[in-house]
Amino acid sequence: MKKVLVTLALAVSAQAYAAEELHLYNWNNYLSESTAKSFEAYCKCKLVQDFYGDNEEMLAKLAAGAKGYDIVVPTGFAVEALIKQGKAQPLDKKQLPNFKNLNAGYLNSFFDKGNQYSVPYAFTTTLLGYNETKLKELGLQDKANSWALIFDPAVLAKLKGKITVLDSQRELVSAALMYLGKPANSTNPADWKAARDVILKAKPYWAAFNNQSYIKELTVGNIYVALGYSNDMYQAQQDAKKAGRKFGVNFGLQKEGNTLSLDNFVILKDAPRKDLAYKFINFMLDGKNASGLTNEMGSGNPNAAAGKFVKPELTKVHAIFPTASELPRLQQLKDLNAKDRRELNKVWSEIKLK
């Protein structure tokens, strides 16, 4: 009987542990495995992640009624959208003592005054990554700092079939707008049409719209240029080095300007485990834990306490930590109203279907 009771107790304990799950809806390549395991050991729970490659994908899934997620990691304009839709849980900062570690420069942003709903996690720039060796061979190295590398047909003629761009209406259209000298957040229909025309002229030269595998494609040399995020390009660069490739992968900002994405933790209003959500966010706000994202994944870091743990060589990479002179050329995307969203969706449909 005693043996049966022990077995029963162990079974009940196992079931209780299994129920201790935090569900994180996150970007690809945005939390290191070692950090995830450290949190699981800390909270004695299981961290379950689901991934998205674009803010619109995440917003659409939640709008369609997806349940069960505790935390999402939206960029600024998507934080705005979640707040407007009533999906974001107001924060109880008493449960986040490590909130004090954040750099004040990344707080009180336009999308969430007073950080009532969001906690800055990381920032990236959207830019071009490229096979440096191939660009030199093709005589295009001087174009690497310009959006012309993916939009100018005269340049593209040398790269046909070797370019991927993000399958993201906001990021791709914004890149085309900046190439044209327009603000990334322009909602002028004439500007959108001009951006559409630039994209449609360039599209025949591209290999694919790709959010998921461009890191690998760059690393193995299948493509020479990719529009993507700075942390992904850093990963491709490091992977190519580790694999001993005969070419080098590099990345950098464009002279016409780039978008900067400040990504944030947001607890969902219908989160099943808000208690674990607060534990996770506070754990990630610890300086040493926060530094892992930069050291292992190459993301910019809004956590002031993480600075002393970040590899010194990374702080010198401008695409990860932009300089004071480069910051004015970086723009954060803002949320669109319903009318503008419909108009941009029409432009995007024209781009994808033609």
Side-chain angles (χ1 to χ4, degrees), residues 22 24-32 35-36 39 52 55 58-59 69-84 87-126 229-232 234 258-268 271 274 277-310 314-315 319-322 324 326-327 330-335:
L22 174 70
L24 174 65
Y25 195 19
N26 197 6
W27 294 87
N28 290 305
N29 195 38
Y30 227 33
L31 182 70
S32 71
T35 302
F39 173 70
Y52 53 91
N55 281 290
M58 177 269 293
L59 291 171
Y69 295 121
D70 298 297
I71 303 174
V72 290
V73 192
T75 304
F77 75 89
V79 173
E80 275 188 288
L82 290 171
I83 294 171
K84 290 176 184 176
K87 294 185 180 297
Q89 172 69 31
L91 293 172
D92 176 6
K93 294 200 179 79
K94 291 179 182 177
Q95 297 193 55
L96 299 172
N98 285 333
F99 191 88
K100 66 181 185 297
N101 290 338
L102 289 165
N103 186 322
Y106 295 97
L107 299 176
N108 201 36
S109 297
F110 67 90
F111 55 83
D112 182 16
K113 292 293 184 181
N115 289 89
Q116 298 178 64
Y117 299 90
S118 62
V119 178
Y121 171 51
F123 62 86
T124 60
T125 50
T126 305
Y229 303 108
S230 53
N231 62 317
D232 287 342
Y234 172 77
N258 297 76
T259 55
L260 181 145
S261 299
L262 179 59
D263 296 311
N264 309 264
F265 291 129
V266 171
I267 300 174
L268 294 174
K274 292 184 176 68
Y278 278 111
K279 279 188 178 181
F280 177 76
I281 294 173
N282 197 57
F283 177 87
M284 293 304 300
L285 287 174
D286 173 83
K288 190 170 184 179
N289 295 333
S291 70
L293 183 70
T294 301
N295 290 332
E296 297 182 47
M297 322 297 268
S299 295
N301 208 310
N303 192 311
K308 63 183 179 182
F309 301 106
V310 172
L314 288 177
T315 64
I320 299 175
F321 290 98
E326 290 164 332
L327 284 174
L330 302 180
Q331 303 174 61
Q332 289 195 60
L333 295 177
K334 297 181 179 180
D335 192 27

message = Tell me whether Lys274 is salt-bridged to Asp70, with the criterion being a basic N under 4.0 Å from an acidic carboxylate O.
response = no
message = What's the separation between atom OG1 in Thr124 and atom CD1 in Ile320, rounded to the nearest 0.5 Å?
response = 10.5 Å
key: Side chain Tyr121, main chain Tyr30, donor-acceptor under 3.5 Å   = yes
query = Would you say Asn258's side chain and Thr125's backbone share a donor-acceptor pair under 3.5 angstrom?
reply = no
message = Would the distance check show the side chain of Thr294 and the main-chain N or O of Val310 forming a donor-acceptor pair, the cut-off being under 3.5 Å?
response = no
remark   = In this structure, CG of Asn26 is separated from CE of Met58 (nearest 0.5 Å) by 10.5 Å
ask   = Should Tyr278 and Ile267 count as side-chain neighbours, where that means a heavy-atom distance under 4.5 Å?
value = yes
inquiry  = Please determine whether side chain to side chain contact (heavy atoms under 4.5 Å, CB included) holds for the pair Lys84 and Asp335, giving the CA-CA distance in whole Å, both sets of side-chain angles, and the decisive distance to 0.1 Å.
reply    = CA-CA 10 Å; Lys84 290 176 184 176; Asp335 192 27; 3.2 Å; yes
query = Any cation-pi pair here, Lys334 with Phe111, using under 6.0 Å and within 45°?
reply = no
inquiry  = For Val73, run the side-chain contact (heavy atoms from CB on, under 4.5 Å) check against Asp263, Leu31, Val79 and tell me which one passes.
reply    = Asp263
note = Heavy-atom nearest pair, Phe265 first then Met284, reads CE1-CB, 3.9 Å
message = Regarding Asn103 and Asn303, do their side chains bring together a donor and an acceptor under 3.5 Å, going by distance alone?
response = no
request  = Decide yes or no for Leu82 and Pro74: does some side-chain heavy atom of the first lie under 4.5 Å from some side-chain heavy atom of the second?
outcome  = yes
key: Interatomic distance, Gln89 atom CD to Ile71 atom CD1 [nearest 0.5 angstrom]   = 12.0 Å
key: Within 6.0 Å of NZ in Lys94, more than 12 heavy atoms from elsewhere   = no
query = Going by atom types alone, do Asn55 and Thr75 pair a side-chain donor with an acceptor below 3.5 Å?
reply = yes
note = Closest non-hydrogen atoms of Leu333 and Phe77, given as atom of the first, atom of the second and distance, are O-CB, 3.2 Å
query = When you measure from the side chain of Asp232 to the backbone N and O of Asn29, does any donor-acceptor pair fall under 3.5 Å?
reply = no
ask   = Got a second to check how far Phe39's CZ is from Leu24's CG, nearest 0.5 Å?
value = 9.5 Å
inquiry  = What's the separation between atom CD in Glu296 and atom OH in Tyr234, rounded to the nearest 0.5 Å?
reply    = 9.5 Å
task = Heavy atoms only: give me the nearest Asn264-Ser118 pair and the separation to one decimal.
result = CB-CB, 3.9 Å
Report all side-chain donor-acceptor pairs from residues 285-293 shorter than 3.5 Å, counting only partners two or more places apart or in another chain.
residue: Asp286; atom: OD2; partner: Lys288; partner atom: N; Å: 3.1
residue: Asp286; atom: OD2; partner: Asn289; partner atom: N; Å: 3.2
residue: Asn289; atom: ND2; partner: Phe283; partner atom: O; Å: 2.9
residue: Ser291; atom: OG; partner: Lys288; partner atom: O; Å: 2.7

remark   = Tightest non-hydrogen contact, residues Pro302 and Ala122, listed as CD-CA, 3.7 Å
ask   = Any donor-acceptor pair under 3.5 Å linking the side chain of Asp112 with the backbone of Gln116?
value = yes
ask   = Considering only heavy atoms from C-beta outward, does the side chain of Asn115 approach that of Lys93 to under 4.5 Å?
value = yes
message = Heavy-atom count check: over 12 atoms from other residues, nucleotides or ligands less than 6.0 Å from Lys308 NZ?
response = no
ask   = Who passes ring pair (Phe, Tyr, Trp, His ring centres under 6.0 Å) against Tyr52, sequence neighbours left out?
value = Tyr25, Trp27
ask   = Heavy atoms, side chains only, cut-off 4.5 Å: are Leu330 and Thr259 in contact?
value = no
key: Nearest non-hydrogen partners of Phe99 and Asn282, listed with the distance   = N-OD1, 4.5 Å
request  = List for me each residue that meets ring pair (Phe, Tyr, Trp, His ring centres under 6.0 Å) alongside Phe123, sequence neighbours excluded, and say none if there are none.
outcome  = Tyr106
request  = Please report the closest heavy-atom contact between Leu262 and Gln332, naming both atoms and the distance.
outcome  = CB-OE1, 3.8 Å
key: Donor-acceptor under 3.5 Å (Lys100 side chain, Pro97 main chain)   = yes
task = May I ask you to check whether over 12 heavy atoms, not counting those of Lys87, lie within 6.0 Å of atom NZ?
result = yes
